[in-house]
Amino acid sequence: MTLDLEHYCLTETFPKIYYVPNFITEEEENFLCKQVYAAPKPKWTQLSNRRLQNWGGLPHPKGMIPEKLPSWLSCHAEKLASLGVFGNHIPNHVLVNEYTSGQGIMPHVDGPLFYPVVTTINLKSHTLLDFYHPVDEKSPNETDKNDQQDNSSLEERHFMSLLLEPRSLNILTEEMYTKYLHGIDERNVDILDDKIINLDSCSSINENNRSVSRGTRVSLTIRYVPKVLNVKLKFGRK
């Protein structure tokens with residue numbers, strides 16, 4: 001059965017954002033988590049606020065040296081390609097992020113190395129994905145354009161959020177990917193307020209549940225890198 005993606009579009013006049021609850025089954029979620037944690041230890045990169053795995057090659061401005069995606073990721077890349085959000089392309093890069101409760105990522109844009117669509121499959125725990133106006137759209141009383149990390153500035157520029165449930169898919173397109181910043185605040189509990197635009201689409205939320213505690217979340221960020229170098233890595237050779 002083909003998914004009617006437009007049924008899950010959250011925006012009309014804004015650049016398109018899609019949110020698909022229960023995009024994968026519990027069995028698929030368990031299988032993906034098993035594969036993530038079965039990866040060899042050197043596959044993990046530890047950062048100060050999370051750890052991650054890089055699959056498909058390392059993106060670089062000069063071009064990505066491609067590596068074949070493992071089957072447990074390529075099947076989902078092909079499934080997303082069938083939705084048409086990447087044009088005629090099949091995603092060739094997956095970033096796996098693990099966030100424990102209280103961890104997050106500062107507001108950012110992902111840059112021009114990728115096709116301007118980002119798709120994310122969410123595993124294990126929920127989180128809130130927050131969106132911010134860029135620095136050059138700051139209010140008149142904000143004069144320092146280098147204070148992107150300033151908390152008061154971020155609070156003023158925050159204009160909406162998405163609640164990302166386990167097993168859900170979210171897709172950002174156009175300026176939601178290239179212009180507006182997105183990030184995850186470092187907190188243990190999320191308060192569900194009127195800035196969250198997809199509460200009506202979330203199956204796990206009810207009227208009496210206005211705060212949700214975070215657990216460990218794993219995200220699969222699946223993208224297409226257009227600029228790929230026509231070389232292959234060969235061990236023992238140059």
Side-chain angles (χ1 to χ4, degrees), residues 3 5 7-11 14 16-37 47-53 76 80 94-108 110 118-133 149 151-173 176-177 180-222:
L3 181 70
L5 193 60
H7 176 72
Y8 300 94
C9 185
L10 299 174
T11 53
F14 219 62
K16 288 188 175 182
I17 301 174
Y18 301 91
Y19 178 75
V20 184
N22 295 311
F23 179 70
I24 61 173
T25 65
E26 288 189 31
E27 290 77 14
E28 288 175 311
E29 179 186 39
N30 291 335
F31 176 76
L32 286 169
C33 288
K34 183 178 179 180
Q35 298 304 310
V36 167
Y37 288 109
L47 304 180
S48 60
N49 56 354
R50 67 192 189 284
R51 61 175 183 160
L52 58 85
Q53 297 175 12
H76 290 285
L80 290 170
V94 181
L95 193 65
V96 177
N97 281 290
E98 181 198 60
Y99 300 88
T100 60
S101 179
Q103 292 185 328
I105 184 170
M106 289 300 297
H108 63 284
D110 290 356
V118 58
T119 62
T120 304
I121 297 174
N122 305 285
L123 310 175
K124 299 188 69 175
S125 175
H126 86 283
T127 199
L128 277 188
L129 182 65
D130 301 317
F131 295 89
Y132 303 83
H133 291 289
Q149 312 302 332
N151 289 334
S152 62
S153 171
L154 286 177
E155 185 176 352
E156 291 184 19
R157 300 207 315 275
H158 173 220
F159 66 95
M160 72 176 186
S161 300
L162 286 180
L163 177 62
L164 306 180
E165 299 172 289
R167 299 179 295 283
S168 67
L169 166 72
N170 60 285
I171 304 175
L172 309 181
T173 72
M176 291 313 304
Y177 178 83
Y180 297 99
L181 286 69
H182 57 278
I184 298 172
D185 198 16
E186 295 183 341
R187 54 178 174 252
N188 296 301
V189 177
D190 290 309
I191 305 301
L192 308 184
D193 58 26
D194 57 6
K195 284 190 175 182
I196 302 172
I197 67 170
N198 67 320
L199 281 182
D200 291 342
S201 304
C202 294
S203 58
S204 62
I205 302 303
N206 58 57
E207 290 292 330
N208 299 319
N209 189 17
R210 308 311 293 178
S211 65
V212 187
S213 297
R214 290 185 188 175
T216 296
R217 170 178 173 262
V218 173
S219 64
L220 309 180
T221 300
I222 303 174

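Only this structure's heavy atoms are used, side chains among them; waters, hydrogens and symmetry mates stay out. Predicted, not measured: the structure shown is a model, and the values here were computed from it.
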Would the Y180 and H133 ring centres measure less than 6.0 Å apart?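 When the ring centroids of Y180 and H133 are compared, they turn out to be within the sub-6.0 Å range.
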
Are [X] and [Y] side-chain neighbours, meaning at least one heavy-atom pair lies under 4.5 Å?
X    : Y    : value
I196 : L162 : no
Y132 : L154 : yes
D130 : D185 : yes
E29  : P166 : yes
M176 : V118 : no
L47  : L52  : yes
L199 : R210 : yes
D110 : H182 : yes

Not counting sequence neighbours, which residues clear side chain to side chain contact (heavy atoms under 4.5 Å, CB included) with [X]? List them please.
X    : answer
T173 : K16, Y18, V117, I171
E98  : Y37, W44, R51, T216, V218
D194 : none
N22  : R167, S203

Report yes or no: do S219 and N122 form a side-chain donor-acceptor pair below 3.5 Å? no

Residues which pass side-chain hydrogen bond (donor to acceptor under 3.5 Å, both in side chains) with Q103, listed by chain and number, not counting sequence neighbours: T100

For D193, I'd like to know if atom CG has over 12 heavy atoms of other residues, nucleotides or ligands within 6.0 Å. yes

Has the side chain of Q35 got a donor or acceptor atom that lies under 3.5 Å from a matching backbone atom of L32? no

If only atom types and distance count, is the side chain of S101 paired as donor or acceptor with the main-chain N or O of G215 below 3.5 Å?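 Side chain of S101 to backbone of G215: no pair is present.
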
For D190, give me all partners under salt bridge (charged side-chain N to carboxylate O under 4.0 Å, His left out), at least two apart in sequence or on another chain. R187, R214

